Amino acid sequence: MADPTTIPTLLLLLLLSSLLFTTTLSDPCTNRRIHILPLPPRFNTDLLSLCNASFLALSDSPPFCDSFDNHFLGPNIPDRFSSSLFRSDPRLLEPLFHHRLQSSYPCLTPSASEADAVFLPYYASLDALPFLFSPPLFNSSPSHGLSLHQYLRFDHPQVLSRRHGHDLFLILSGVAWDYNQKPNADPVLWGTSFLRLPEFVNFTVLTLESRPWPWQEHAIPYVTSFHPTSLPRLNDWLSRAARSMRTTLMLFAGGGASVKAAASPTSRPNIRSTIISQCANRTNMCTLVDCSAGVCTRDPVLYIIPMLKSKFCLQPPGDTPTRRSTFSSIITGCIPVFFETTSAKKQYGWHLPKSRYDEFSVYISKEDVVFGGVRIADVLEAIPEEKVRRMREKVLELAPRIMYMDHRSGDDFKGVKDAFDLAIDGTLRRIQRRVQVLKEADSNQIYSIDDEVEEEQSAFGF
């Protein structure tokens with residue numbers, strides 16, 4: 001029989017334990033605390049001055065200084081079509097993500113030691129521009145990023161050593177292949193060696209396109225031109241896209257080398273030139289939007305309106321498999337048509353359900369089109385109209401997941417998660433699992449963790 005004098009003490013302990021348990025369950029920041037590591041301006045804001053560097057003339061993209069407006073969403077396009085359209089530049093995802101995290105993420109912590117993850121506000125792709133386009137630095141590309149690691153090693157050694165870098169993450173606003181050059185390559189090839197450097201091998205890097213072995217990086221959506229400021233504006237847009245009269249069967253928006261190649265009688269057959277050739281022969285059911293010289297970035301209405309009028313949007317690979325146009329097509333309710341699985345299905349598992357692509361997209365092998373005589377229009381015309389309607393509904397259900405909302409108004413979007421939210425969720429999930437493996441002293445498993453399984457099973461509601 002318990003000593004009566006101890007009962008009040010036991011009850012007090014039980015009460016305190018219950019309160020602690022309830023507090024833990026109700027704390028929305030449990031396992032979600034992020035520390036933004038302070039970095040000197042030379043690693044971020046100073047790099048913005050490269051927006052009009054003379055060496056950009058060697059690239060296919062125009063200067064991007066005017067895209068700094070509205071916290072890097074770009075200038076709003078006033079009095080035209082939609083108040084949620086902006087002249088956004090995908091090269092500015094790094095400062096855009098940094099600002100969004102800093103200004104509206106609810107679980108920031110000033111202490112790295114208390115954080116579940118540490119964000120490095122390093123504008124890596126902007127820092128890479130001189131290595132990619134300034135001839136005097138072409139042979140120095142393996143040093144891209146080393147100054148950051150040196151700074152971390154001397155100024156924040158405890159952050160590096162605590163979990164061996166497994167809880168650090170950053171944004172790389174480019175395709176991983178541009179940062180995949182071997183450090184000792186001879187001759188020096190295109191790109192930098194940032195993702196090949198052992199100093200960064202344990203960091204999680206969020207890129208616009210990942211390599212086939214995405215244990216180091218993970219792909220997140222390109223920045224499009226549509227950024228709704230509130231839930232009503234988002235719903236108005238989705239309703240408009242759902243009601244849109246789609247009088248064109250298919251559309252291809254592209255430019256640069258693909259357009260020139262299609263016009264050249266000596267060019268080798270490829271999927272883009274074949275698409276352009278097939279469209280030229282079926283102008284009554286195919287729309288071509290020429291985006292050469294960056295005109296579509298400067299005026300997104302050039303492709304947004306035609307996408308709203310098209311049933312299917314063709315997404316052929318270019319220099320690399322992925323395309324910004326994929327996400328623009330989803331936002332407009334234009335069903336994406338892929339010609340490689342690496343164009344999206346093997347990339348964006350945190351945002352688009354890998355096992356359900358047949359519900360919201362069409363796949364046609366590029367080899368069948370280029371060498372097998374398959375006519376794209378014939379394949380798409382054969383899809384029953386009722387199935388097309390259901391696919392479009394699924395596309396628009398997914399649309400909020402790949403947008404970067406405009407959170408400047410403070411609207412909470414009533415729990416609707418966008419591309420930023422899901423990128424954070426996926427990153428925290430990956431880091432949490434890696435840290436758990438480290439605690440279990442089973443580091444050999446750390447690179448075989450499938451951090452998309454949970455997303456497939458629980459997050460997609462259709």
Side-chain angles (χ1 to χ4, degrees), residues 77-88 221-222 224-228 233-255 258-259 262 272 274-292 294-316 323-339 343-344 359-362 364 375-400 402-403:
I77 301 174
D79 303 321
R80 290 185 65 186
F81 197 61
S82 171
S83 60
S84 297
L85 280 179
F86 295 79
R87 194 177 299 123
S88 303
Y222 285 74
T224 67
S225 297
F226 183 70
H227 311 285
R233 289 192 176 183
L234 168 62
N235 290 333
D236 286 347
W237 173 269
L238 296 177
S239 296
R240 177 174 186 167
R243 297 191 312 266
S244 182
M245 295 294 294
R246 299 180 185 269
T247 55
T248 300
L249 177 67
M250 59 188 191
L251 170 145
F252 170 59
S258 61
V259 174
R272 286 197 169 205
T274 303
I275 285 173
I276 293 172
S277 176
Q278 289 191 12
C279 276
N281 294 328
R282 303 291 293 272
T283 55
N284 61 320
M285 58 178 56
C286 182
T287 296
L288 287 174
V289 179
D290 186 356
C291 291
S292 300
V295 295
C296 291
T297 298
R298 290 193 293 271
D299 188 0
V301 176
L302 292 176
Y303 62 88
I304 291 291
I305 291 179
M307 283 183 172
L308 283 167
K309 295 180 179 179
S310 301
K311 296 178 180 178
F312 298 94
C313 284
L314 310 183
Q315 308 298 343
R323 306 187 69 221
R324 184 190 188 197
S325 171
T326 295
F327 302 99
S328 297
S329 71
I330 291 173
I331 285 170
T332 58
C334 187
I335 300 165
V337 180
F338 299 112
F339 302 89
S343 291
E359 297 181 34
F360 62 88
S361 69
V362 176
I364 307 172
R375 311 291 297 182
I376 299 170
D378 294 343
V379 174
L380 300 180
E381 278 188 303
I383 301 175
E385 190 59 38
E386 177 59 23
K387 183 177 180 180
V388 173
R389 183 191 63 78
R390 292 197 304 269
M391 293 175 75
R392 185 176 305 114
E393 289 178 354
K394 301 302 184 187
V395 166
L396 291 174
E397 284 180 29
L398 288 170
I402 53 87
M403 298 176 184

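Keep in mind that this is a model prediction, so the values were computed, not measured. For reference, positions follow the sequence shown, starting with 1.
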Self-check item: Nearest atoms (heavy-atom pairs only) where T297 meets R87
Solution: O-CG, 3.0 Å
Quiz item: E397 and F360: side-chain contact (heavy atoms from CB on, under 4.5 Å), yes or no, with the steps?
Solution: CA-CA 10 Å; E397 284 180 29; F360 62 88; over 6 Å; no
Quiz item: Say you draw a straight line from CZ of R298 to SG of C291; how long is it, rounded to the nearest 0.5 Å?
Solution: 10.5 Å
Quiz item: Roughly how far, to the nearest 0.5 Å, is the CD1 atom of I335 from the OG atom of S361?
Solution: 9.0 Å
Quiz item: With a 4.0 Å cut-off, would you call R389 and E393 a salt bridge?
Solution: yes
Quiz item: Given the rule in the side-chain contact (heavy atoms from CB on, under 4.5 Å) test, do R282 and N284 qualify, once you have shown the distances and angles that lead to the verdict?
Solution: CA-CA 5 Å; R282 303 291 293 272; N284 61 320; 4.2 Å; yes
Quiz item: So, Q278 side chain and I376 main chain: donor-acceptor pair closer than 3.5 Å or not?
Solution: yes
Self-check item: Flag side-chain contact, heavy atom, 4.5 Å: L234 against M403
Solution: yes
Quiz item: Ignoring hydrogens and geometry, is there a side-chain-to-backbone donor-acceptor pair from N281 to S277 under 3.5 Å?
Solution: yes
Quiz item: Step by step, would you call T332 with F226 a side-chain contact (heavy atoms from CB on, under 4.5 Å)?
Solution: CA-CA 10 Å; T332 58; F226 183 70; over 6 Å; no
Exercise. Measure the spacing between OG1 of T287 and NZ of K309 and express it to the nearest 0.5 Å.
Key: 9.0 Å
Quiz item: Would you say T283's side chain and A280's backbone share a donor-acceptor pair under 3.5 angstrom?
Solution: no
Quiz prompt | Flag side-chain contact, heavy atom, 4.5 Å: M307 against I331 | solution = no
Self-check item: S329 and V337, any side-chain heavy atoms less than 4.5 Å apart
Solution: no
Practice problem: May I ask you to say whether K311 pairs ionically with E385, meaning some side-chain N is under 4.0 Å from a carboxylate O? | Solution: yes
Quiz item: Is T326 close to S343 at the side-chain level, that is, under 4.5 Å between some pair of heavy atoms?
Solution: no
Exercise. Apply side-chain contact (heavy atoms from CB on, under 4.5 Å) to S88 and R324, showing your working.
Key: CA-CA 12 Å; S88 303; R324 184 190 188 197; 4.0 Å; yes
Quiz prompt | side chain to side chain donor-acceptor pair (under 3.5 Å) partners for S310, two or more places apart | solution = none
Quiz prompt | Pairwise distance CD1(I364) to CG(L314) - rounded to 0.5 angstrom | solution = 7.5 Å
Quiz item: So, for G333 and V395, which heavy atoms are closest and what is the spacing to 0.1 Å?
Solution: CA-CG1, 3.9 Å
Quiz item: Going from CE on M250 to CG on L380, what distance comes out if it is rounded to the nearest 0.5 angstrom?
Solution: 6.5 Å
Practice problem: Measure the shortest side-chain to side-chain distance between R323 and S328 over non-hydrogen atoms and say whether it is less than 4.5 angstrom. | Solution: no
Self-check item: Set of side-chain contact (heavy atoms from CB on, under 4.5 Å) partners for S244, sequence neighbours left out
Solution: R246, L308
Practice problem: Taking the side chain as every heavy atom from C-beta outward, state whether L396 and K394 have any pair of such atoms under 4.5 Å apart. | Solution: no
